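Letters A, B, ... mirror the listed sequences (proteins, then strands); counts begin at 1. Quick caveat: nothing in here was measured; it's all calculated off a predicted structure.
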Amino acid sequence: MEIFLQQIINGLVQGSVYALVALGYTMVYGILGLINFAHGEVVMVGAMLALSALTAMLGWGVPPLLALPLSLILAILGCMALGYSIERVAYRPLRHAPRLAPLITAIGVSIVLQNLAMMIWGRQYHAFPQLIDNQSHLIGGAIINDIQIIIFVMALAIMASLMVVVHRTRLGRAMRAVAENQHAAQLMGVDINRVISVTFMLGSALAAVAGLMVSANYGLAHYYMGFLLGLKAFTAAVLGGIGNLRGAMLGGLLLGLIESLGAGYIGDMTGGFLGSNYQDVFAFFVLIAVLVFRPSGLLGERIAERA
Amino acid sequence: MPFHSVLTRLLFVAVSILILSACGKSASDQAAASGDLVVKIGAAAPLTGNQAHIGKDNESGTRMAIDEANAKGLVIGGRKVHFELISEDDQADPKTATIVAQKLVDNKVSAIIGHLNSGTTIPASKIYSDNGIVQISPSATAVNYTAQGFKTAFRVMANDAQQGRVLGEYAAKNLGAKKIAVIDDRTAYGQGLADEFIKAAQANGAQIVAREYTNDKAVDFTAVLTAVKGKQPDLLFYGGMDPQAGPMAKQIKALALKLKFMMGDGGYTPAFIKLAGDAAEGAYASLPGVPLAKMPGGKEFETRFVAKYQPIQLYAPYCYDAVNVMIAAMQKADSVEPAKYLPALANVSHDGVTANIQFDGKGDLKGGAITLYQVQQGKWQALETLGAIAPAAH
Amino acid sequence: MPNALRQFLTHGGKHQRQVMFWLLLGALLLLPFITDALLGRGWVRIADFAMLYIMLALGLNIVVGYAGLLDLGYIAFFAVGAYCYALTGSPHLAIAFPMLFPDGIHLSFWIVLPLAALVAGGFGVLLGAPTLRLRGDYLAIVTLGFGEIIRIFLNNLNAPFNLTNGPQGISRIDPIRMGDISLNATQGIFGIALPSVHLYFYLFLAFTALVIVISQRLEKSRIGRAWMAIREDEIAASAMGINTRNLKLLAFAMGAMFGGISGTLFAGFQGFVSPESFSLMESIMVLCMVVLGGMGNIAGVILGGVLLAILPEILRHSVVPLQQALFGKTLVDPESLRMLLFGGALIVMMLYRPAGLWPSRVRRRELDSDEAGVV
């Protein structure tokens, strides 16, 4: 029972990480209908920036509790600038191009960012300094620590505030208008370029937060960390219904749970024939099964899709 | 941009490459013009991607040996020899590895130090063998590599069977583990080592209570570790590399697993200790060969290497040895022709910085000394060396 | 002048086209000798791989370019083909199942090839069936998952029974033979020495030509037109009486067969297969070839395949000399710069030619009309 509870907690923590990244994917997709494949790399840059800033500030003798928020802000600013430039350079010129064209530029951007990061931060894995005393707590025999609780709460809070932004503010209304129909929105006086830029910057700010949380939780940062994370988060976003904020949260948490329960129990379920090596197979089977019955994901709208 | 301008541009690119490669050629011709015999040595390892830190370490080890040999001004076959390193990035991809191999063959290299992974070493070894070029892998551990029957294939690293056997025996006998859990990263290296470890551990009376898996890009191991926790083993063996082993050790501690943590050579790195933090304490790892400090010239090697590059990641000493064992064979045969020095290499006995190197009939390391290490006070400390051949008396 | 050439190629008379054809054929036949002499044998091997990629790209073009179905797991079919030959043409089964196959199977390549194509086609249908209702990005993620599932199975099926030898891969695969002639050794014909890479070049050239001809015929056929109708508007197509389900499955199956053929050739050429060759990045690369070259246009796809297959190698050869020419020394280590330039090239090429370097004429018409943005 403790083991089962522990697996649930493992899944929720891992799922919150996916959800944090998936929110960024889904924001951009919701407005533009574009998979920002480079989002995982922005997460990586966020983690790297935060780590560099943190190490530098600790070196200058800035107290950790001040250095942490400062470096987070720096990372957020850096990522926003990066997100803005990515959109300007790689996506805006292709807004009226065939839909697969931005996919290719996105892959190009990923490769460029990865290799730039390798030049700047080197090939080695960077350890994340232990700043706060990471207390462990026992819940019914299962263990959870402070950073994990922060990640979980943070993911929920960010989702909630994004919902407020999208549904309650003037900017949000403009975003929804652009998502609905760009031409009509423009005619109504919405500056669509501005709205799209802001969306990218918001998504990238989220990526920076996610990057910092991920590297604090696992204790490392590396120029290659964005790829797999981005892929998993993209899967989570699709599972929940891409373009839907609550869907990204749900998809992320579900994917995390599927993975941890899969890794933990596949062996017992198949009598030892398959083991935790089939964790991803299990996750993808669940995804396919969901999509066969709900072709637009769990919370996705049933709209006639542009292919 | 109309199509014809694309073509013109392509043509421009092609022409400029031809010119540039011509420039590149003239550079090496200059060295030859000064009267030295230029001997090209090829090196191949992943220099991009998620193993790049290990790949670059290999390149540095090879480069240092070559620079030192050049400084010595060796004379082979009556001529002063100048070694030239051609280093290529195989991206840890089997297909790219064969392209790189062919390119090195085209460049008329006399020997290859590489590749890093078994998955790239094996397909490339066929090309080297077809062209009669000596290949010494510093780090490929798959038994298959030397089992193909190629006369040109050597390695200065213990293979999975040699290392897994020692580790399994050590875990069951010396550490007294009764119930053992095994995780591997599903790479050729991790899986091969883990399987051999299991065989040896079982043969020595231990029971494998859990067999779990991860992959070589993962960072979260809580699910498999929790599954392991349910089986209550007293030792966990991980077959894989340090980027996973570090966070894994951390998560073992966070999940309050009470067990001994053991790895192969993939975990014996400074990065493991850095990534695992205080959770690294007490972890075991093995490394083929004798500790650097115990080999003649080993300590000096480390000092020189760290001064020139960065702390040794993993296989740099083996690359260094691979180059030197090759040079030793060239000197003995008094020739840089692979066909001529190959027999000398097969019978070589060379005191390297990792061990005394002799090859068996297949090209594997003879004897295969393995040293066990443990993290004590934040540093890797040698515990004991098993199956060593004493340095040859001169 | 190149414009005149294009005019000549597309609008020239039958006679002119025949002349062009023979010139092209002659050039291609001489290509391995020319590259070998000028650039070295490594480039012949690169050309061999480029041809395998062209076959893959043309196969994927059927799915993505003609039928408009985004497939991010295409490399799985390449893997299926490769493992078909690896299992039947190597001693692996004899080692893994000595009771069943005491001497291994060692089937001839020419028997395995059609079988592998069929098996890959079967996997294509297997992928197609559950995804018929999905479109766009949902299809992309499911196909991506499918590709990963195949790779994970190949990587793990060494236990409980050793089918694929897991991550260790299968080595010692028999070389391809034509009658008694092994393509793995230098052969002399009419006093000309033909090294192994040259022999494989001609074999792959023949298969590429075959794949091109089939693609061309398919494009102009009833089936091809039906695919394009589905691509443009599925509902309208089905209203016109097109059986969209069967045709989509057929597109997946045909595309998969090309992938399978290419994979079988790959296994024979390399002599070694392991799951690392079939990663997601490979699928993405093949997709890039199709999109970058010009979806739906055979010539464009070929251009894309050639370009992306040789570009990293061109950069490999030129980055160091380039830096030395510009700065007199190597400033940035060549590997990271190489991939950086590759990524940059992807972006720049796409920005300049959003419809691909050489788009199909139908595509160009669509783009010229106002409402673009729909694939």
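Taking all atoms of both residues into account, the shortest heavy-atom contact from A:Arg123 to B:His53 is O-CB, 3.4 Å. Taking all atoms of both residues into account, the shortest heavy-atom contact from B:Ala254 to A:Asn145 is CB-ND2, 4.5 Å. Here the closest non-hydrogen pair linking A:Gln7 and B:Ala227 is NE2-N, 3.7 Å. Here the shortest heavy-atom pairing between A:Gly219 and B:Leu275 reads O-CD2, 4.1 Å. Listed here is the closest heavy atom pair of A:Ile143 and B:Ala256: CD1-CB, 3.6 Å.
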Discussion item. Between B:Asn215 and A:Gln279, is the side-chain contact (heavy atoms from CB on, under 4.5 Å) condition met? List the steps.
Written reply: CA-CA 10 Å; B:Asn215 66 63; A:Gln279 173 187 339; over 6 Å; no
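Counting heavy atoms from C-beta outward, A:Val13 and B:Thr222 have side chains that stay 4.5 Å or more apart. When side chains are defined from C-beta on, A:Tyr125 does not count as touching B:Lys274, because their heavy atoms never get closer than 4.5 Å. Annotation: side chain of A:Asn10 is in contact with side chain of B:Leu255 (closest heavy-atom distance under 4.5 Å). Two residues are said to be in side-chain contact when any heavy atoms from C-beta on lie closer than 4.5 Å; B:Gln251 and A:Tyr218 meet this criterion.
For the side chain to side chain contact (heavy atoms under 4.5 Å, CB included) with A:Ser276, the lone residue among B:Ile183, B:Val224, B:Thr214 that qualifies is B:Val224. Looking at A:Leu228, A:Leu231, A:Leu229 one by one, the single match for side chain to side chain contact (heavy atoms under 4.5 Å, CB included) with B:Lys217 turns out to be A:Leu228.
Counting heavy-atom pairs closer than 4.5 Å to chain B, the top-ranked of the candidates A:Gly11, A:Ala127, A:Gly275, A:Ala142 is A:Ala127. Of the residues considered (A:Leu220, A:Leu261, A:Val214), A:Leu220 shows the highest number of contacts with chain B, using heavy-atom pairs under 4.5 Å.
Residue A:Phe227: no heavy atom, backbone or side chain, is found under 4.5 Å from chain B. Residue contact with chain B, scored on non-hydrogen atoms closer than 4.5 Å, involves the side chain of A:Asn115 exclusively. Both the backbone and the side chain of B:Leu47 come within less than 4.5 Å of a heavy atom of chain A.
Residue B:Lys379 qualifies as open at atom NZ: its count of foreign heavy atoms under 6.0 Å is 12 or below. For OH of B:Tyr309, the number of neighbouring non-hydrogen atoms (other residues, nucleotides, ligands) closer than 6.0 Å is greater than 12. No more than 12 heavy atoms of other residues, nucleotides or ligands sit less than 6.0 Å from atom CZ of A:Phe4.
Atom OG1 of B:Thr48 is separated from atom OH of A:Tyr224 by 8.5 Å, given to the nearest 0.5 angstrom.
No donor-acceptor pair under 3.5 Å is formed between the side chain of B:Arg186 and the backbone N or O of A:Asn277. No donor-acceptor distance shorter than 3.5 angstrom exists from the side chain of B:Lys229 to the backbone of A:Gln6, with no hydrogens or angles considered. Under the 3.5 Å distance criterion, the side-chain polar atoms of A:Gln124 are left unmatched by any main-chain donor or acceptor of B:Ala271.
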